[in-house]
Amino acid sequence: MPENATDAPVVEFTPVVVGGDIGAYSLARAFHEAYGVRTVAISRLAGWVVGTSSLIDNVQCQDPFDPETLAPVLQEVADAHPGRPLLLLGSADATVKPIIRIRDEIGLDPRYIAPYVDLETFAAATEKQNFTKLCQDLEVDHPGTVVVDLAQEVPGDLEVPFEFPVIAKPAEVSEWKRIDFPGKNKVHTVDSPEDLRGLLTAIRGAGYRESIIVQDRIPGDDQYMRILTVYCDADSRVRFASYGHTLLEEHAPGAIGNPAAIITGVDREMVAQAQRLCERLGWTGYANFDLKYDRRDGRTKFFELNPRLGRSNYYVTAGGHNPVTWYVDEHLRHALPEQGPGSGVGEDGILQDQPEVLYAVVPISLVKRYTTLPEAKARLRRALRARVGNPLHYPGVDDSLSRRRYVLAAGLNSVLKFQRYYRPEGGDRFSRLLRRRPRTAPGERA
């Protein structure tokens, strides 16, 4: 029986996920693990992650980020699955937003359940200048921030009140995905005031007219990153929380910042701060927070709120608490599980006796290579003795020969990509081993 299952009768339904990345696949696997159902994935391209899966029926959409293009595809999916409810999820911010717009503005087949907040609340939480102001008002720990509005020309006298290098990233991810310019990344590290002005000029020249967030760069490599996933009920009360200590993130352009290895854990102070944020917003459903430990003052600081289960959502499932069951319990069974003694979840939503489990989507050898901090190394050793969860490894269920080949190629490519793009603190002591190897390998699109 799923971890969060109730005694209510089983409800037949079809999960529909907009997205074709590993986050979409992780959701499909979670639904299959909990209920044995197949998922419909709607994506622009049928990449190998979803295209070779026996758990997924892939439906192509020319532009899933555009609500006018996505809406008729959603209706086609509904027409193909008559007589049952459809639970509609997005695997990224840029797919959640059009789902909300279709539900609230264009119109969605009434059998769809889209468990997201309204567009106003979405913007209040996810537009990074709004999130920064919210953290300031609620005294939630966050990095120093300057907001640059690119609706106006780049100011020639732009100054930031913290030392370089700094971090620059878009406030509006949906609009960011629509532009391109040489050197574009998901997040930019900027070394000087001159480089910052040049970057902002290039971004504006590419047609982006939203804000850019310039932040104090908290020192430390990936081992200082943290992640928090919470589920809020209709009263914006945290009913479930899963915390994680990130060991390694992706560093290839376009994927930078996505966790590649996480050890599950508990941090009550971070959950308490997240509760303040969610309560002020009137948040419902899942919120996923990116955080980083600042060794300068010993505080863990909130970067942003993602309005969904994150790309690395399988770290929650690997920890023994399948996250999709909360959606099903609330919206299909109409009965959230109880909290408190015997439930596995405390009255504050925090998991009780959370085991240290390793989530990894890269070879374990890479995780060991880049885990250098003594405390992190000790936690990794304990987690490796307990359990390792990789959403792409589903033996006996989703492991065709072709899929196993793609997974192997993806692992090999990740070694090369980290060698090319990642320079942790103190450098990579293994760099000499790979210096003469080619930079790409078969299956690079993995």
Side-chain angles (χ1 to χ4, degrees), residues 92-94 96-97 100-101 116-155 157-164 166-177 186-188 190 196 199-200 203-204 208-218 225-230 232 235-238 241 257 267 269-294 296-297 299-308 310:
D93 295 10
V96 171
K97 187 174 182 180
I100 295 173
R101 288 193 57 194
Y116 297 113
V117 296
D118 59 36
L119 202 58
E120 182 179 358
T121 306
F122 178 93
T126 62
E127 293 182 7
K128 294 177 178 59
Q129 70 273 28
N130 296 339
F131 185 74
T132 296
K133 179 64 164 56
L134 188 65
C135 289
Q136 293 170 342
D137 292 346
L138 296 176
E139 298 183 347
V140 167
D141 294 319
H142 65 286
T145 301
V146 170
V147 180
V148 182
D149 184 4
L150 290 188
Q152 311 297 324
E153 294 289 342
V154 179
D157 57 350
L158 176 66
E159 295 184 1
V160 296
F162 26 82
E163 295 182 355
F164 283 81
V166 298
I167 298 296
K169 56 188 178 181
E172 231 298 340
V173 177
S174 298
E175 294 302 316
W176 185 254
K177 287 182 176 290
K186 180 181 176 183
V187 176
H188 288 260
V190 187
L196 178 60
L199 174 64
L200 295 174
I203 293 171
R204 194 173 192 279
Y208 182 84
R209 293 294 185 272
E210 306 296 331
S211 294
I212 291 292
I213 305 301
V214 181
Q215 284 185 332
D216 179 22
R217 183 176 181 270
I218 297 176
M225 296 302 298
R226 306 292 186 263
I227 187 170
L228 174 63
T229 301
V230 303
C232 295
D235 296 321
S236 301
R237 182 166 65 98
V238 171
D267 191 315
E269 172 59 25
M270 291 300 98
V271 176
Q273 293 194 41
Q275 173 66 84
R276 298 208 299 271
L277 291 167
C278 292
E279 186 176 2
R280 174 66 66 87
L281 287 164
W283 196 261
T284 58
Y286 273 108
N288 172 255
F289 297 95
D290 295 332
L291 312 97
K292 188 172 186 178
Y293 175 77
D294 191 340
R296 297 172 299 184
D297 58 11
R299 307 290 293 179
T300 300
K301 298 177 180 179
F302 283 76
F303 281 168
E304 61 187 6
L305 183 157
N306 301 301
R308 54 184 167 82

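Below, each value reflects all heavy atoms present in this structure, side chains not excepted, and no hydrogens, waters or symmetry copies.
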Identify the heavy atoms of [X] and [Y] that sit nearest to each other, and give their distance.
X      : Y      : answer
Val190 : Ala168 : CG2-CB, 4.1 Å
Ala241 : Val271 : CB-CG2, 3.8 Å
Ala125 : Leu281 : CB-CD1, 3.7 Å
Trp176 : His188 : CZ2-NE2, 4.1 Å
Gln275 : Ser236 : NE2-O, 2.9 Å

Does a sphere of radius 6.0 Å around CD in Gln136 hold more than 12 heavy atoms from other residues, nucleotides or ligands, not counting ones at 6.0 Å or beyond?
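Above 12, so yes.
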Does a salt bridge link Lys97 with Asp93, judged by any charged N lying under 4.0 Å from a carboxylate O?
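Not counted as a salt bridge, because no side-chain N and carboxylate O are separated by less than 4.0 Å.
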With a 3.5 Å distance limit and no angle check, can you tell me whether [X] reaches the backbone of [Y] through a side-chain donor-acceptor pair?
X      : Y      : result
Lys292 : Ile218 : yes
Thr145 : Pro143 : yes
Gln273 : Asp141 : yes
Asn306 : Arg308 : no

Tell me, with the steps shown, if Phe302 and Met270 meet side chain to side chain contact (heavy atoms under 4.5 Å, CB included).
CA-CA 9 Å; Phe302 283 76; Met270 291 300 98; 3.8 Å; yes
Nearest 0.5 Å, what's the [atom1]-[atom2] distance between [X] and [Y]?
X      : Y      : atom1 : atom2 : result
Ile203 : Ile212 : CD1   : CD1   : 4.0 Å
Met225 : Thr300 : CE    : OG1   : 10.5 Å
Arg280 : Leu134 : CZ    : CG    : 6.5 Å
His142 : Arg299 : NE2   : CZ    : 12.5 Å
Glu127 : Phe122 : CD    : CZ    : 8.0 Å
Asp137 : Thr132 : CG    : OG1   : 11.0 Å

Taking side-chain contact (heavy atoms from CB on, under 4.5 Å) as the test, write out the residues that go with Ala287, two or more places apart.
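Per chain and number, Ala287 pairs via side-chain contact (heavy atoms from CB on, under 4.5 Å) with Val230, Cys278, Trp283, Phe289, Leu305.
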Applying side-chain contact (heavy atoms from CB on, under 4.5 Å), can you list everything that pairs with Glu210, at least two apart in sequence or on another chain?
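Here the qualifying residues are Glu172, Glu175, Tyr208.
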So which pairs with a foot in residues 145-155 pass salt bridge (charged side-chain N to carboxylate O under 4.0 Å, His left out), sequence neighbours left out?
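Listed once each, the pairs are Glu153-Arg204.
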Tell me, do [X] and [Y] make a side-chain contact under 4.5 Å, heavy atoms counted?
X      : Y      : value
Val154 : Val148 : no
Asp267 : Arg226 : no
Val147 : Ile213 : yes
Lys128 : Lys169 : yes

Under the side chain to side chain donor-acceptor pair (under 3.5 Å) test, which residues partner [X], sequence neighbours left out?
X      : answer
Asp235 : none
Thr229 : Asn288, Tyr315
Lys177 : none
Asp294 : Arg296, Lys301

Side chain to side chain contact (heavy atoms under 4.5 Å, CB included), that's the test. Do Leu158 and Leu200 meet it? Break it down for me.
CA-CA 11 Å; Leu158 176 66; Leu200 295 174; 3.4 Å; yes
What pairs with [X] under ring-ring contact (aromatic ring centres under 6.0 Å, His included), at least two apart in sequence or on another chain?
X      : value
Phe131 : none
Phe303 : none
Tyr293 : none

Name all residues meeting the salt bridge (Lys or Arg N to Asp or Glu O under 4.0 Å) criterion together with Arg101; count only those two or more places apart in sequence or in a different chain, and write none if there are none.
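Result, salt bridge (Lys or Arg N to Asp or Glu O under 4.0 Å) vs Arg101: Glu105.
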Residues that Arg276 engages under salt bridge (Lys or Arg N to Asp or Glu O under 4.0 Å), provided they are two or more places apart
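For Arg276, no residue satisfies salt bridge (Lys or Arg N to Asp or Glu O under 4.0 Å) once neighbours in sequence are set aside.
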